[in-house]
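Convention: sequence-line order gives letters A, B, ...; per-chain numbering from 1. Quantities reported herein were computed from a predicted structural model and do not represent experimental measurements.
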Number of protein chains: 2
Amino acid sequence: MYSLAEENYIKSIYHLQQEAGKEVSTNAIAESMETKPSSVTDMVQKLAEKKILSYRKYKGVQLTEEGRIIAANVIRKHRLWEVFLVDKLKFHWDEVHEIAEQLEHVHSEELINRLDKFLGNPAFDPHGDPIPDAKGNFKNTEKKLLSELKKKQSGVCVGVKETSTEYLQYLDKKKITIGTKISVLGKEFFDGSMIIQVGRDQFFISQKIAENLYIQTA
Amino acid sequence: MYSLAEENYIKSIYHLQQEAGKEVSTNAIAESMETKPSSVTDMVQKLAEKKILSYRKYKGVQLTEEGRIIAANVIRKHRLWEVFLVDKLKFHWDEVHEIAEQLEHVHSEELINRLDKFLGNPAFDPHGDPIPDAKGNFKNTEKKLLSELKKKQSGVCVGVKETSTEYLQYLDKKKITIGTKISVLGKEFFDGSMIIQVGRDQFFISQKIAENLYIQTA
DNA sequence: TTTTATTTTTAGCTTAGACTAAAAATAAAA
DNA sequence: TTTTATTTTTAGTCTAAGCTAAAAATAAAA
């Protein structure tokens, strides 16, 4: 059984490895966890002893297979709880992250299996992120960023990259949610901004907006 | 916001105060929390500083109004989660305690209010214990112990005093659960044992069984 | 009312996890 | 290839919460 602090480190390292690939630096971990590099070094050395990750001084860390499974399980719990909060308790998708951060650390395999079943074995969380199975396997759907679409292309919103409240509220205001169809009417090469169509509305979005929205094209 | 350890102390002290009334001793707290008296002294002094309880050296402690409210809120969360686990996730009533012990420490008022609503604002948990409202008020129903009933009296099971797995499994085996009607057919003065009727079955129970079952008489 | 037993507290130590400041290693620039 | 800047680690503190062993207070027994 891993402590709350350990689980959070493992989860963060997992996510960083997804983005950056290969070895993850001490500083990167410290930044993502809002802690100091020296604290990271301590914890990372402890996790290395426990064979949850491999650590080479000054070179960064990489999760072992065991580490990856632990991370996937925490993520599985987080995302299942998010589904619960949105589907059953009618929370809004931009309100659930913090609560799920707490719920993800409740230890009980039976609980999470029953929750999974209760929710109808969902494959994606309310932000469109995939929910791994109990062994830590993700089904990966190939999704693009909206910013990668060209003029006249269209697709369906399947998730977000950025999950800040500000961003999610922006999407809300524009009536963009999981499943919303989006068409690119025009695209400016200079700054990557776009004119898009959502429902009956057409409006301008900046590149920053476009590169944080995942789209599944038909 | 209180730490997990603090919340557990507050909850334990609350329960002990219910049973013992008035001041609760250091030793009693230590025993109920499976910790050492010296650790209890430390924590109790800290909680006294925070005005959660009043503490007189060598004399024991008593929760303040603030302490009582905190305790009631933790208990409210515990019991609501138990209802969720049994009603929604189909856990058995003897399997939910440990999981609820973890869930009760998730901090979010909004969460617990929505959960309450989702569950249909239940008044009792799966063991028949009352669920306090958000302000910490319990509705108290006057319930008796089965052992207090006389020959030929009968009533409905509304809860248990003892919550060990062994006891709950015994009740299960005998098909006694919340709502089960029980009639006392005979009672032995010498040892407090009884012959009771449950459904179509009649059987013998010891005083130990009888004095841990709460009954509501008509 | 002494003496003895029990309970409670204090003092000092331990561990997990975080922090600061300084030292060491690596990477970037001149 | 030195020098400079950046990153990472080490060493030493700090806090929360626990523990043991000894001291102090209270309660029980003689």
Between the protein and nucleotides 24-28 of chain C, list every N/O to N/O distance that falls short of 3.5 Å.
residue : atom : partner  : partner atom : Å
dA25(C) : O4'  : Tyr58(A) : OH           : 3.4

Quiz item: If pairs are Watson-Crick or G-U with both distances under 3.5 Å, what is the dot-bracket string of DNA chain D, marking crossing pairs with [ ] and pairs to another strand with |?
Solution: ||||||||||||||||||||||||||||||

Taking only N/O atoms, report every protein-nucleotides 1-5 of chain D pair under 3.5 Å with atom names and distance.
none

Quiz item: For the pair made of NZ in Lys36(B) and C1' in dT9(C), what is the distance, rounded to whole Å?
Solution: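 Nearest whole value for this atom pair: 16 Å.
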
Exercise. Return the set of residues passing ring-ring contact (aromatic ring centres under 6.0 Å, His included) with His78(B) (not counting sequence neighbours), or none when no residue passes.
Key: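 Counting only residues at least two positions away or on another chain, His78(B) forms a ring-ring contact (aromatic ring centres under 6.0 Å, His included) with His97(B).
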
Quiz item: Near DNA chain D, which residues from residues 23-31 of chain A have a heavy atom under 4.0 Å away?
Solution: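 By residue number: Ser25(A), Thr26(A), Asn27(A).
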
Practice problem: Please list all pairs passing the salt bridge (Lys or Arg N to Asp or Glu O under 4.0 Å) test where one or both residues lie in residues 10-30 of chain A, with sequence neighbours left out. | Solution: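 Passing the test, one end in residues 10-30 of chain A: Lys11(A)-Glu101(A), Lys11(A)-Glu104(A), Glu23(A)-Arg56(A).
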
Self-check item: salt bridge (Lys or Arg N to Asp or Glu O under 4.0 Å) contacts touching residues 24-43 of chain B (sequence neighbours left out)
Solution: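 Residue pairs passing salt bridge (Lys or Arg N to Asp or Glu O under 4.0 Å), neighbours aside: none found.
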
Only pairs under 3.5 Å count here: list side-chain donor-acceptor contacts from residues 57-70 of chain A, not counting sequence neighbours, and write none if there are none.
residue  : atom : partner  : partner atom : Å
Thr64(A) : OG1  : Lys51(A) : O            : 2.9
Thr64(A) : OG1  : Ile52(A) : O            : 3.0
Thr64(A) : OG1  : Glu66(A) : N            : 3.4
Thr64(A) : OG1  : Gly67(A) : N            : 3.1
Glu65(A) : OE1  : Arg68(A) : NH1          : 2.7
Glu65(A) : OE1  : Arg68(A) : NH2          : 2.9
Glu66(A) : OE2  : Tyr2(A)  : OH           : 3.0

Practice problem: With sequence neighbours left out, write down each residue that passes side-chain contact (heavy atoms from CB on, under 4.5 Å) with Glu162(A), or none if nothing qualifies. | Solution: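 Applying side-chain contact (heavy atoms from CB on, under 4.5 Å) to Glu162(A) gives Ser164(A), Tyr167(A), Asn212(A).
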
Quiz item: With sequence neighbours excluded, what pairs up with Lys117(A) under the side-chain contact (heavy atoms from CB on, under 4.5 Å) test?
Solution: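 Lys117(A) satisfies side-chain contact (heavy atoms from CB on, under 4.5 Å) with no residue once adjacent residues are dropped.
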
Exercise. Kindly assign one of parallel, tilted or perpendicular to the pair Trp81(A) and Trp81(B), based on the angle between their ring planes and the thresholds 30° and 60°.
Key: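 Taking Trp81(B) first and then Trp81(A), their aromatic rings stand perpendicular (interplane angle over 60°).
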
Show me, pair by pair, the donor-acceptor contacts under 3.5 angstrom made by side chains of residues 125-135 of chain B, not counting sequence neighbours?
residue   : atom : partner   : partner atom : Å
Asp125(B) : OD1  : His127(B) : N            : 2.6
Asp125(B) : OD1  : Gly128(B) : N            : 3.0
Asp125(B) : OD1  : Asp129(B) : N            : 3.0
His127(B) : ND1  : Glu82(B)  : OE1          : 3.0
His127(B) : NE2  : Trp93(B)  : O            : 2.9
Asp133(B) : OD1  : Lys135(B) : N            : 2.8
Asp133(B) : OD1  : Gly136(B) : N            : 3.0
Asp133(B) : OD1  : Asn137(B) : N            : 3.0

Quiz prompt | salt bridge (Lys or Arg N to Asp or Glu O under 4.0 Å) involving Lys50(A) - partner list, sequence neighbours excluded | solution =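 Scan of Lys50(A) (salt bridge (Lys or Arg N to Asp or Glu O under 4.0 Å), adjacent residues dropped) gives Glu6(A).
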
